[in-house]
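Everything below concerns the one structure shown next.
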Amino acid sequence: MTGNTSTQRMPSYLEYQGKYTGIRAWILSTDHKRIALLYLYSQLFFFLAGLVMGLFMKLELIAPGRQIMGPATYNALFTVHGLTMIFLFIIPGLAASFGNFMIPIMIGAKDVAFPKLNLFSWYLFVFGAVIVLLGIFTGDGPPDTGWTFYAPYSLKTNTNVVLTVFGAFVLGFSSILTGLNFIVTIHRMRAPGMGFFRMPLFIWSLYGTAWIQLLATPVVGITFLMVVADRVLHIGFFDPAQGGDPVLYQHLFWIYSHPAVYIMILPAMGAITEIITTFSHRTVFGYKAIAMSSLAIAFVGYLVWGHHMFTSGMSETARLVFSFLTFLVAIPSAIKVFNWTATMYKGSISLEPPFWWAMAFIFIFMIGGLTGLVLGSVSTDVHVHDTMFVVAHFHYIVFGGAGIAFFAALHYWYPKMFGKMYNKKVANRALLLLFIGFNVLYMPMFFLGFMGMPRRYYDYLPQFANLNLLSTIGSWILATALIIIIVNLLRAKKGTPEEMDDPWGGRTLEWKIQSPPSLENFEEIPVIDHEPYELIEK
Amino acid sequence: MEQNHVAHTDHFDPVASKLGMWLFIFTEILLFGGLFIVYSVYRFKHPVEFHLAAEELNVTIGLINTIILLISSMTVAMSITALQLGNKKLTMILLAVTLVLALVFLVNKYFEWGAKIHHDIYPGSEFLMSLSKGDMLFFGLYFFMTGLHAIHIIVGMVLLAVVFVKVRNGSVNQGRVSLLENGGLYWHLVDLIWIFLFPLFYLIH
Amino acid sequence: MFSGNTSLSGGVDTAFAVIIGISLFFLIGITAVIIYFIIKYNKKKNPVASEIEGSNKLEIIWTVIPLILVLFMFWIGWHSYIPERQVPADAMKIKVTAQMWSWHFEYENGKVEDTLYVPVNRPVVLNMVSLDVIHSLYIPAFRLKEDVVPGKTENYMWFKPMVRGSFDLFCAEYCGLRHSYMGTTVEVVDQATFDKWYASGPAKIDSTVAAVPGAAGKLIVEQKGCIACHSSDGTKIVGPSYKGIFGHKTTVETNGKDREVMVDEVYLKKSILEPNADVVKGFPKGSMPDYKTQLTDEQVGQIIEYIKTLGGAAEK
Amino acid sequence: MSEHKNHISSYKSQVIVLLSLIVLTVLTVTITSVHLGPFNTAAAMLIASVKATIVLLYFMHLKFDEKIYRFMVALVLAIYVVVIIITFFDNLYRP
Ligand code: HEA
Ligand code: HEA
Ligand code: CUA
Ligand SMILES: [Cu+2]
């Protein structure tokens with residue numbers, strides 16, 4: 001094992017002086033670490049924008065009737081909120097930011113396979129985001145179709161669907177190219193001695209993710225193009241007046257968008273695996289099972305899209321098949337949860353903030369996932385489909401799962417990325433507040449859904465008032481907690497190199513190099529002669 | 001694997017770029033894949049209309065275009081062989097032939113579309129709107145799919161033209177055929193898609 | 001809560017109970033184990049970890065047991081679902097028409113209502129069509145929901161209500177501006193009440209009312225769902241209010257050009273039958289469905305009569 | 001992954017490939033012009049698949065490259081086919 005911890009320190013990637021200075025040193029840099037930070041900042045920006053919209057929606061729903069906005073604004077809000085959160089925050093998600101940062105380091109390489117393509121992907125991402133934003137502020141106003149763009153409503157509405165959909169198409173290509181880059185990197189750039197089964201599990205999860213990005217995204221890309229063609233050229237692919245089949249649109253949309261939910265959650269699961277293993281200070285339990293379950297999720301996840309369409313008038317046979325496959329895809333997730341728990345068995349657990357974040361993740365993810373089973377069963381889904389129950393399910397699993405894992409990863413790798421440490425006490429307390437706020441906000445939605453309150457409802461009947469009020473109060477608690485968390489991260493302090501290089505006692509490669517890493521990560525490419533989580537005496 | 005000490009200098013890995021090209025081809029396959037799903041569902045729903053509408057298309061033009069594309073596929077493949085054998089001049093000739101064939105394909109397509117549009121058959125035209133739903137879908141798909149394919153031809157031509165220039169100035173050469181190989185792979189993909197488009201649109205009798 | 005409202009809703013509730021029960025078991029169980037591990041294998045208590053790499057036996061156990069459980073959940077969900085799709089032969093047929101943002105229920109004798117009246121203890125089948133975009137008919141108390149997809153005629157649902165009462169009916173598929181207001185109720189009444197109501201025949205205007213000018217038009221406007229977008233009291237909903245428009249000038253956009261028109265009978269008729277020809281300024285084009293196939297000339301005439309009664313030229 | 005050994009296809013083999021592709025093309029056109037009912041489409045698709053395989057194996061060099069490429073192509077096509085089949089579970093069985 002050749003690290004450079006004890007030898008002389010190199011200027012970090014943050015300080016490194018290249019050809020350019022100032023902002024150009026960032027936006028023209030092909031260094032995977034700088035690109036990762038570009039993604040991180042843009043994602044956090046969109047995340048905050050989306051959150052504020054969520055907050056306004058909850059404010060509107062605090063009581064029946066009109067509070068602060070009309071129905072048109074509300075409809076536009078949940079559409080843009082969904083779009084921002086899904087396409088601009090959680091689909092690039094952990095892969096684009098932490099994946100970009102960590103893949104080369106964790107496999108012992110100096111960069112990704114195609115650094116320029118990597119930068120290009122970020123530009124596409126920004127370009128797509130700008131188009132989406134243009135769609136909001138120009139023409140006939142923001143789209144009001146929901147993030148699903150269901151035809152034929154999306155063909156009929158007067159709002160700016162074309163621009164938005166086209167923006168999403170561009171974002172899709174950014175995602176595809178990132179996935180492509182990662183696959184090639186993982187195949188070609190592993191350090192000598194690092195076989196596939198010596199890669200950290202975060203890398204495995206990103207590998208699975210990359211395949212989904214590559215194979216599912218083009219389907220929605222072409223679907224979005226068809227929507228544009230329908231609106232602009234009146235081809236009528238999905239317009240029933242011209243023979244188009246709206247249900248076919250839903251098939252195509254979900255052929256992508258179901259696998260997309262695994263694009264969101266797989267990297268999250270990978271990061272959680274790393275965190276739990278590190279803080280248990282032992283090797284991971286069931287390495288192969290976890291690695292293979294990532295691939296299983298990636299590939300079985302392709303075949304279950306129809307569970308979003310149980311009430312659409314699909315044939316009964318299709319409902320049967322999709323329900324069955326949906327239940328099968330829950331198994332690999334279950335395997336992961338069990339292995340995480342087993343990894344803590346006979347460990348030596350240090351209770352640092354990232355560990356608590358991981359625990360919050362497991363709990364909330366379990367609720368989200370288990371309610372997914374209620375949705376996967378046909379007769380129960382028929383009742384709760386398109387109600388607040390679904391909204392609760394996916395906030396639990398998207399925000400509570402992928403979103404919380406994003407912050408868990410941020411707390412875990414923060415010292416590595418910036419060489420700074422936040423206030424741990426504040427971090428723990430804010431997390432507790434977030435946990436409470438989260439459950440107060442979304443738990444009532446399960447009951448609302450079960451009682452029959454449909455989603456995307458601007459106004460509702462009096463019997464739903466109390467739970468909605470409770471939920472709105474939860475959103476304020478959550479907001480407070482998030483503000484504290486972000487401020488705490490911003491106020492992090494520089495630590496000494498000895499503390500920052502390996503603050504947690506991690507065993508994967510990133511903890512063997514200096515914090516923040518130097519431009520080339522490794523002065524000398526390491527030769528790997530041990531298992532990924534094996535204990536190496538220093 | 002050799003790794004030089006200065007990162008970010010163009011470390012050149014032909015295997016990586018080939019793998020990358022293949023992965024890109026997969027996304028293209030699925031891009032058209034989505035359309036083929038739409039096609040098969042609508043054809044399944046409107047078999048008779050699709051059948052009748054297809055009669056409108058000219059099999060001969062389709063056949064000629066198929067053969068043109070097949071030949072161009074071969075010339076690209078040959079140009080790779082030529083470069084591998086170090087015959088730069090032949091490589092350039094073969095690439096030029098490929099580009100010319102691609103152009104002929106597009107010209108043919110232009111006349112074919114032109115004839116349709118002349119007969120008031122184009123997406124959104126009043127005449128088309130007066131036809132049955134199956135007809136509207138058939139021609140909608142026809143224009144959209146062959147149109148997207150034509151765009152791919154154009155992209156492929158640009159790519160091959162770039163390769164042509166690079167072969168001429170020597171940055172793509174016997175020791176470094178990677179770019180030509182990848183350009184070729186892309187061109188074959190375009191051919192591959194046409195192999196399915198042709199029977200699906202022209203040959204439903 | 002409202003269990004047993006139909007002959008099948010009890011089965012669905014059982015499926016809920018079973019799936020949620022198993023889920024709670026795992027949620028609480030795993031959480032408990034994790035808390036126990038955190039306490040027991042805390043760094044302070046257990047400074048040195050044991051390096052355990054895994055156990056194939058355990059992996060198999062925790063693959064197979066959940067597998068069996070999910071197969072069971074699948075079965076119970078499917079089992080309680082199949083009967084929902086098997087319509088009894090003697091079911092009473094009701095045709096449901098959905099449009100932005102209203103429901104219409106047409107009975108076999110031609111009676112059309114915007115509230116769903118059904119007799120208790122008798123199977124009812126709803127055959128549903130949509131005139132514009134996708135809607136979804138949702139009766140929470142019955143645990144039933146089915147989308148209404150335009151261009152499709154095979155969307156249906158059936159139920160046999162077991163208790164009398166009034167139940168909410170929602171539109172559950174997002175369908176535009178007033179999606180959240182596209183609700184009504186299901187009134188489950190006993191057979192006698194239903195028969196009496198049913199026998200009153202297709203909604204006609206009896207002669208006393210018919211004498212009032214515009215009464216017939218008012219009824220059509222309510223039944224055809226115009227009131228979802230047009231008020232009669234001057235408030236702007238989606239389209240312009242009918243109040244006081246007749247006999248006044250208004251600005252419309254025709255083929256992209258603004259022009260002034262007089263709201264008279266000819267104009268009104270055109271607005272109803274070809275709403276996109278002249279679009280009132282300040283309102284989006286394409287919102288209003290065209291009613292060419294749905295309204296007879298006589299009906300259009302009655303609507304115009306009604307609009308006239310809402311003031312306009314007469315007042316000034 | 002080992003560095004790939006350079007297999008250079010001969011001009012002759014490429015001409016043979018082209019000729020077989022053209023023969024197959026002409027074959028589809030003739031087959032589909034006789035009336036075979038549903039078998040027309042089946043035959044057309046079968047021949048198209050054969051042609052595609054030839055292009056993949058020879059022109060796109062899969063036959064001479066490392067196994068991993070063949071494996072990936074097969075995987076992608078398999079997923080795609082399964083997706084189509086599952087889509088048809090809906091359309092085939094609609095009432
Ligand atoms: C990160 C994203 C994410 C993830 C990972 C999931 C995971 C799952 N989802 Fe979710 N889902 C969404 C995001 C996600 N979902 C979104 C955004 C929507 C709404 C889209 C919209 O309409 O706008 C949605 C909607 C949705 C529906 C459609 C609802 C409807 O509209 O009617 C369904 C139906 O089956 C479903 C099911 C599932 C299932 C079965 C899983 C499974 O993968 C979950 C597996 C996890 C577990 C099972 C928990 C852990 C395991 C244990 C604790 C062990 C014990 C387990 C067993 C005994 C099995 N989801
Ligand atoms: C990652 C995904 C994600 C996240 C994190 C969230 C977060 C939130 N969402 Fe989101 N939501 C979606 C994804 C997400 N949502 C999607 C995909 C939909 C479906 C859209 C559709 O139907 O098409 C949806 C729909 C949806 C609805 C349903 C609308 C309806 O059907 O009627 C509601 C309703 O309450 C809601 C609310 C919220 C709230 C209150 C939050 C809260 O978490 C927000 C809490 C707010 C804060 C914590 C604010 C923090 C504030 C600051 C930090 C201030 C600092 C600011 C600056 C410095 C600028 N969301
Ligand atoms: Cu109709 Cu929502
Ligand atoms: Cu899903």
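Note on naming: letters A, B, ... go to the chains in the order of the sequence lines (proteins, then strands), and numbering restarts at 1 for each one.
- Looking at Phe36(B), both its backbone and its side chain come within 4.5 Å of chain D, counting heavy atoms on both sides.
- Counting all heavy atoms, side chain and backbone alike, Phe198(B) lies closest to Thr25(D) at CE2-CG2, 4.1 Å.
- Proximity to chain B (any heavy atom under 4.5 Å) is shown, for Thr28(D), by both the backbone and the side chain.
- Atom CZ of Arg168(B) sits in a sparse spot, with 12 or fewer heavy atoms from other residues, nucleotides or ligands closer than 6.0 Å.
- Distance CG/Leu192(B) to CG/Leu56(D): 5.0 Å, rounded to 0.5 Å.
- Under the 4.5 Å side-chain criterion, counting only non-hydrogen atoms from C-beta, Thr41(D) is in contact with Arg43(B).
- Residue Leu70(B) forms a side chain to side chain contact (heavy atoms under 4.5 Å, CB included) with just one option from Ile22(D), Val17(D), Leu19(D), and that option is Ile22(D).
- Rounding to the nearest 0.5 angstrom, the gap separating the CG atom in Leu19(B) from the CD atom in Glu66(D) is 10.0 Å.
- Looking at Ile67(B), only its side chain comes within 4.5 Å of chain D, counting heavy atoms on both sides.
- Between Leu185(B) and His61(D), the closest side-chain pair of non-hydrogen atoms is not below 4.5 Å.
- With a 4.5 Å cut-off on non-hydrogen atoms, Leu30(B) touches chain D through its side chain but not through its backbone.
- Residue Tyr42(B) places its OH atom among more than 12 non-hydrogen atoms of other residues, nucleotides or ligands, all under 6.0 Å distant.
- Atom CD1 of Ile195(B) and atom CD1 of Ile54(D) lie 8.5 Å apart (nearest 0.5 Å).
- Neither the backbone nor the side chain of Ile79(D) comes within contact range of chain B; no heavy atoms are under 4.5 Å apart.
- Residues Gly33(B) and Tyr80(D) share a closest heavy-atom pair of O-OH, 2.7 Å.
- If you measure heavy-atom distances from Leu90(B) to chain D, the contacts under 4.5 Å come from the side chain alone.
- Heavy-atom distances place the side chain of Val83(D), and not its backbone, under 4.5 Å from chain B.
- Heavy atoms of Ser49(D) lying under 4.5 Å from chain B belong to its backbone as well as its side chain.
- Closest non-hydrogen pair, Met72(D) versus Leu23(B), comes out as SD-CD2, 4.4 Å.
- Contacts between Leu63(B) and chain D at a heavy-atom distance below 4.5 Å involve the side chain alone, from C-beta outward.
- With a threshold of 4.5 angstrom between heavy atoms, Thr66(B) approaches chain D through side-chain atoms but not through N, CA, C or O.
- Taking the six-membered ring for Trp and the full ring otherwise, Phe88(D) and Phe44(B) have centroids separated by under 6.0 Å.
- Comparing Pro199(B), Ala82(B), Pro47(B), Gly62(B) by how many heavy-atom pairs each has under 4.5 Å with chain D, the most go to Ala82(B).
- Nearest heavy atoms, Leu200(B) versus Met45(D): CD2-SD, 3.6 Å.
- Neither the backbone nor the side chain of Ile80(B) comes within less than 4.5 Å of any heavy atom of chain D.
- Only the side chain of Leu62(D) comes within less than 4.5 Å of a heavy atom in chain B; its backbone stays farther off.
- Annotation: the span from Leu203(B) atom CG to Ile31(D) atom CD1 amounts to 10.5 Å, rounded to 0.5 Å.
- Of all heavy-atom pairs between Ile25(B) and Met60(D), the closest is CD1-CE, 3.9 Å.
- The 12-atom threshold is exceeded at NZ of Lys88(B), counting heavy atoms of other residues, nucleotides or ligands nearer than 6.0 Å.
- Here the side chains of Val76(D) and Trp22(B) are not in contact, with every heavy-atom distance at 4.5 Å or above.
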